[in-house]
Amino acid sequence: METLTRPGEHAPTNPPAVAFSSVMGICGLGLSWRAAGQVLAAPRAIGEWLIAVGVMLFIALSAMYGIKTVRDPSIVVAEFRDPRSASNFACITVAVVIVAAAILPHTPSAALFLWALGTGAQLVLFLTLLGRWIAEPTEILHATPAWLVPIVGNVTATVPGVPLGFHETSWFLLAVGLVSWIAFLPLLLHRLIFCEDKLPGRLAPSLAIFVASPAVGCLSWLQLTGRVDAVYRFILFTALFFALLVLRMWQLAVRALPVSVAWWAYTFPSAALASALIRYCQHVPGVGERLLAWAGLAFTTIAVAGVGLISLRNCLSRLWLSVRSRPDHSADPASSPRTSNAVSSQ
């Protein structure tokens, strides 16, 4: 994922759209622990606490991004117009849908409102971006794995859509998401493999988004059909292969150091894969399947905890530096006659 930056853009009170990927990762991990509580006899309180943290973070980021949009809309417009970062706006819509899925057991009415808002915005965003890519000149080097985020959003919307009663709408969203993923996958692989200008090191974490579409697709298929069949296995094992590929490319992650907001791209795909493995273990019980489910959950927990703690430390350090760098006018003799005369003469 890539973001446009300018002085002050990375301030804690001025977050980019990609910052909402933190909500996706934390709430996604909470949903994984909730599923583990149902299937693996894990402590259910862990999932609910993670969801509470994710919801509070979502509220805080929404408030800060709203202030940013009103105070300086030029930054938002520039970020949306840039083909390298426009797809990051899907992090906002996906976060809305994930929060809806997280709070569904507690407040169905609020979940319905958020699902309708996030799903509608997600579909409009994907149509807008797809139309822009077709109608306007677009370079192959602008294509990054972040282009898959709007596609993941369509598939993710089916997860809370089915229990909310929108069965046919969920089939539509799943069809759009999977077909788009199959269409864009060769394009992105061609860009990553054959283009001389390789993916910039700071965008290496975005490779994990390859895991998200098939992983979420498993959960959507299970919601719609209620069974783990050949299609579920096919999609799940595809997600596992891409997860192994991401692990194989660990050198790129080292080059992407230090940890930045882009590293949240590792968290939501991992959480989706962990949930898919847990549901697979539920329908195909076995020692190996159970160990695989626990491994996915443990890896995701470590990833979210590590990236979250480092992001919190970076955020606090930037906040402290921004406070210290503010000019102190308390000692200015603004009311002195000499100052007043100087100002008036100027």
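Values reported hereafter were calculated over all heavy atoms of this structure, with side chains retained and with hydrogens, waters and symmetry mates removed. We count residues from 1, following the sequence as given. This one's a predicted model, so the numbers in the text were calculated from it and none came from an experiment.
Residues passing the salt bridge (charged side-chain N to carboxylate O under 4.0 Å, His left out) test with Arg248, sequence neighbours excluded: none.
Residues Ala293 and Leu40 come closest through the heavy atom pair CB-CD1, 4.1 Å.
When the shell of 6.0 Å around CZ of Phe237 is examined, it contains more than 12 heavy atoms from other residues, nucleotides or ligands.
Distance CD1/Ile46 to OG/Ser32: 12.0 Å, rounded to 0.5 Å. Note that CG of Leu178 is 7.5 Å distant from OG of Ser220, once rounded to the nearest 0.5 Å. From Glu48, atom CD reaches atom CZ of Arg34 across 4.5 Å, with rounding to the nearest 0.5 Å. With values rounded to the nearest 0.5 angstrom, His167 atom NE2 is found 5.0 Å from Leu224 atom CG. With values rounded to the nearest 0.5 angstrom, Phe126 atom CZ is found 6.0 Å from Asn154 atom CG. Here the straight-line distance linking atom CG of Leu189 with atom CZ of Phe210 works out to 5.0 Å at 0.5 Å rounding.
Remark: the backbone N or O of Ala86 is not paired with any side-chain donor or acceptor of Glu79 at under 3.5 angstrom. In terms of modelled atom types and a separation under 3.5 Å, the side chain of Lys68 and the main chain of Pro15 share a donor-acceptor contact. Between the side chain of Thr300 and the main chain of Ser270, a donor-acceptor pair closer than 3.5 Å is present. Of the possible polar contacts, none joining the Thr169 side chain to the Phe166 backbone as a donor-acceptor pair under 3.5 Å is found. Side chain of Thr138 to main chain of Glu136: a donor-acceptor pair is present (N/O by atom type, distance under 3.5 Å, no hydrogens or angles). Arg84 contributes no side-chain N or O that, together with a main-chain N or O of His142, makes up a donor-acceptor pair within less than 3.5 Å. Gln223 places no side-chain N or O within 3.5 Å of a backbone atom of Pro160 that could act as its donor or acceptor partner.
The cationic atom of Arg132 (NZ for Lys, CZ for Arg) lies less than 6.0 Å from the six-membered ring centre of Phe80 and within 45° of the ring axis.
Ring-centre distance between Trp147 and Trp181: not below the 6.0 Å cut-off. In summary, the aromatic rings of Trp49 and Trp33 are positioned with their centroids too far apart to meet the 6.0 Å limit. A distance of 6.0 Å or more separates the ring centres of Phe20 and Trp264.
Counting heavy atoms from C-beta on, the side chains of Arg290 and Pro285 never come closer than 4.5 Å. When side chains are defined from C-beta on, Arg233 does not count as touching Leu236, because their heavy atoms never get closer than 4.5 Å. Proximity of Leu29 to Thr267: side-chain heavy atoms (C-beta onward) are nowhere separated by under 4.5 Å. By the 4.5 Å heavy-atom criterion applied to side chains, Asp229 and Phe234 are not counted as neighbours. Taking 4.5 Å as the limit, every side-chain heavy atom of Leu244 sits out of range of all side-chain heavy atoms of Leu240.
Residues Val155 and Leu117 fall within the same hydrophobic cluster, defined by Ile, Leu, Val, Met, Phe, Trp and Tyr side chains chained together at heavy-atom separations under 4.5 Å. At a threshold of 4.5 Å between side-chain heavy atoms, the hydrophobic network of Ile, Leu, Val, Met, Phe, Trp and Tyr places Phe113 and Ile51 in one connected group. Hydrophobic clustering of Ile, Leu, Val, Met, Phe, Trp and Tyr side chains at less than 4.5 Å, counting indirect connections, unites Phe268 with Ile310.
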- Task: Kindly determine whether Phe184 and Trp133 satisfy ring pair (Phe, Tyr, Trp, His ring centres under 6.0 Å), including the steps that lead there.
- Result: CA-CA 12 Å; Phe184 274 83; Trp133 294 333; 5.7 Å; yes
